[in-house]
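Below you'll find the structure, written out as structure tokens, and then a few comments.
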Protein chains: 2
Amino acid sequence: MDDREKQRRVEVFAGHCRDRSLPFTSQRRMILEAVLDLDNHPSADQVHERVARRLPGISRATVYRTLETLVRLGVITKACHPGRVVRYDRRTDVHHHLICLNCDEVADISDEHLDAIPLPDTSALGFELSDHRVQLRGICQTCREKEEGS
Amino acid sequence: MDDREKQRRVEVFAGHCRDRSLPFTSQRRMILEAVLDLDNHPSADQVHERVARRLPGISRATVYRTLETLVRLGVITKACHPGRVVRYDRRTDVHHHLICLNCDEVADISDEHLDAIPLPDTSALGFELSDHRVQLRGICQTCREKEEGS
DNA sequence: TTAAGTGCAAAAGCTTTGCGGGTAG
DNA sequence: CTACCCGCAAAGCTTTTGCACTTAA
């Protein structure tokens, strides 16, 4: 992500903080910047590792708490995947995922046809629909190469 | 799931065991039956709790190991969701999920239009596509009622 | 000033692993 | 017989929580 877009996203977060009278701390800013730098749907620990390069004393607890705050404010999202750790996604727009059923990795993919599919009416179920994601499930290149090698 | 369908699924698993010379133990059969009984994308611990009703001595380790075996054989699947525990899905056919962004719960939904959407060509990315799922994201009825109440 | 955030350390929750004994085929 | 599974307990990871101190506004 280029610096201009990153700066814009940080400003959006700063605005949310002002609106809600929440302190805009340097830790929070750096945690958001770290998520925006990472394009691999990082776990909290991977975010912590990256932030710690710039701010060596930062606590894991702060990273865990801040990531949940960012999700609650809608600044970032959680990625849906089959694994056992929470993973975050810097993207908040409609996009889709390639999911490897062998290693559980998630990669982004954009496709305008998938963006435009007609969604069913879920109001009868009491479900308030906001948006959608398509998961394309299969085997990633890395895992295929490993299988061939073995 | 009705008993006939359950019986059929158990037979499919028994066949896989015969093909691969794997022991078809009573623990394995009861663990599969428990997953087939549960329609809420249960965690390993929820499966363990249900199996333990019929087989009080069963170990958590056996449940964890057996669920992974069932996934590897393609008898059940893992559900993709935003939470921090692994959750299993008795369904192996194409279907879709309602995902609550508030409580992370997953509910099944079937829709023939979503089943039939055109999938992009991922071969250029080295990704071998097998199938797809659509995640419909929003707020579930339970969470909406809680919000109104507060 | 003060409400909220931060760091630390301990606790809690989920999952995996090593091992001795048991069992399906 | 023999390879594989089972139960147990301990270890390993990820995430949450309580508390004293610090800080943004």
Side-chain angles (χ1 to χ4, degrees), chain A residues 10-11 13-32 34-35 41-52 54-73 75-76 78-79 81-88 103-104, chain B residues 10-11 13-32 34-35 41-52 54-73 75-76 78-79 81-88 103-104:
Chain A
V10 171
E11 279 306 319
F13 174 45
H16 281 299
C17 288
R18 277 193 297 273
D19 292 348
R20 305 193 181 212
S21 309
L22 297 176
F24 180 62
T25 64
S26 61
Q27 285 92 337
R28 288 181 165 183
R29 188 167 57 77
M30 289 192 192
I31 289 166
L32 174 55
V35 175
H41 309 89
S43 66
D45 218 53
Q46 289 172 315
V47 175
H48 174 262
E49 186 189 20
R50 185 167 182 102
V51 177
R54 294 171 65 192
L55 203 63
I58 193 157
S59 154
R60 272 185 177 70
T62 298
V63 174
Y64 277 92
R65 282 186 288 230
T66 298
L67 288 169
E68 284 307 304
T69 301
L70 292 173
V71 170
R72 207 168 50 246
L73 295 176
V75 178
I76 62 175
K78 288 188 190 183
H81 66 100
R84 65 185 179 80
V85 302
V86 176
R87 299 178 67 173
Y88 297 89
C103 67
D104 295 348
Chain B
V10 170
E11 281 305 322
F13 173 46
H16 281 299
C17 288
R18 276 192 298 275
D19 293 347
R20 307 193 180 211
S21 308
L22 297 177
F24 181 61
T25 63
S26 62
Q27 286 93 337
R28 287 180 166 183
R29 187 168 57 77
M30 288 193 192
I31 289 166
L32 174 55
V35 175
H41 310 88
S43 65
D45 218 53
Q46 289 172 316
V47 175
H48 174 262
E49 186 190 20
R50 184 165 183 104
V51 177
R54 294 171 65 192
L55 203 62
I58 193 158
S59 154
R60 273 185 176 71
T62 298
V63 175
Y64 277 92
R65 281 186 287 231
T66 299
L67 288 169
E68 285 305 305
T69 301
L70 293 172
V71 171
R72 206 169 51 247
L73 295 176
V75 178
I76 62 174
K78 288 188 191 182
H81 65 100
R84 65 185 180 79
V85 303
V86 175
R87 299 178 67 172
Y88 297 89
C103 68
D104 294 348

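In what follows, chains carry the letters A, B, and so on, assigned in the order in which the sequence lines appear, proteins first and then strands, with residues in each chain numbered from 1.
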So, OP1 or OP2 of [N]: does either fall under 4.0 Å of a side-chain N or O from [X]?
X	N	value
A:R28	C:dG5	yes
B:T25	C:dA24	no
A:S59	C:dC8	no

Exercise. By nearest nucleotide on DNA chain D, pick out whichever of B:R84 and B:I31 is the more 5' one.
Key: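 The residue closer to the strand's 5' end, by nearest nucleotide, is B:I31.
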Rounding to an integer number of Å, can you tell me how far [X] [atom1] sits from [N] [atom2]?
X	N	atom1	atom2	value
B:M30	D:dC5	CE	P	18 Å
B:I58	C:dG22	CD1	C1'	15 Å
A:H48	D:dT14	NE2	C1'	13 Å
A:Q27	C:dA4	CD	P	17 Å
A:R29	D:dT23	CZ	P	16 Å
B:D19	D:dC4	CG	P	16 Å
B:Y64	D:dA10	OH	C1'	15 Å
B:R60	D:dA10	CZ	P	15 Å

Exercise. Could you please name the option among C:dC14, D:dA9, D:dC6 that lies closest to any side-chain atom of B:A61?
Key: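 That would be D:dA9.
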Exercise. Counting heavy atoms from C-beta on, name the nucleotide in D:dA24, C:dT15, D:dC4 closest to the side chain of B:P23.
Key: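 Taking heavy atoms from C-beta onward, the closest nucleotide is D:dC4.
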Exercise. Using a 4.5 Å cut-off on heavy atoms from C-beta on, say whether the side chain of A:L22 contacts that of A:R28.
Key: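 SC-SC contact between A:R28 and A:L22 confirmed.
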Quiz item: Can you find a pair of side-chain heavy atoms, one from B:I58 and one from B:H48, that are under 4.5 Å apart?
Solution: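 Sidechains of B:H48 and B:I58: in contact.
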Quiz item: What is the nucleic acid contact for A:R65, judged by heavy atoms within less than 4.0 Å: base, sugar-phosphate only, or nothing?
Solution: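 Counting heavy atoms under 4.0 Å across all strands, the contact made by A:R65 includes a base.
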Practice problem: Using a heavy-atom cut-off of under 4.0 Å over every strand shown, decide if A:T66 touches base, sugar-phosphate, or nothing. | Solution: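 Answer is sugar-phosphate: A:T66 comes under 4.0 Å of backbone atoms only.
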Self-check item: Partner of B:T62 by side chain to side chain contact (heavy atoms under 4.5 Å, CB included), out of B:I31, B:L55, B:L67
Solution: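 The option that passes is B:I31.
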Quiz item: What's the shortest heavy-atom distance between A:V51 and A:A34, and which atoms?
Solution: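 In this case the closest contact between A:V51 and A:A34 is CG2-CB, 3.5 Å.
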Quiz item: Of B:R87, B:R60, B:R50, which is the lone residue that meets salt bridge (charged side-chain N to carboxylate O under 4.0 Å, His left out) with B:D45?
Solution: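 Result for salt bridge (charged side-chain N to carboxylate O under 4.0 Å, His left out) with B:D45: B:R60.
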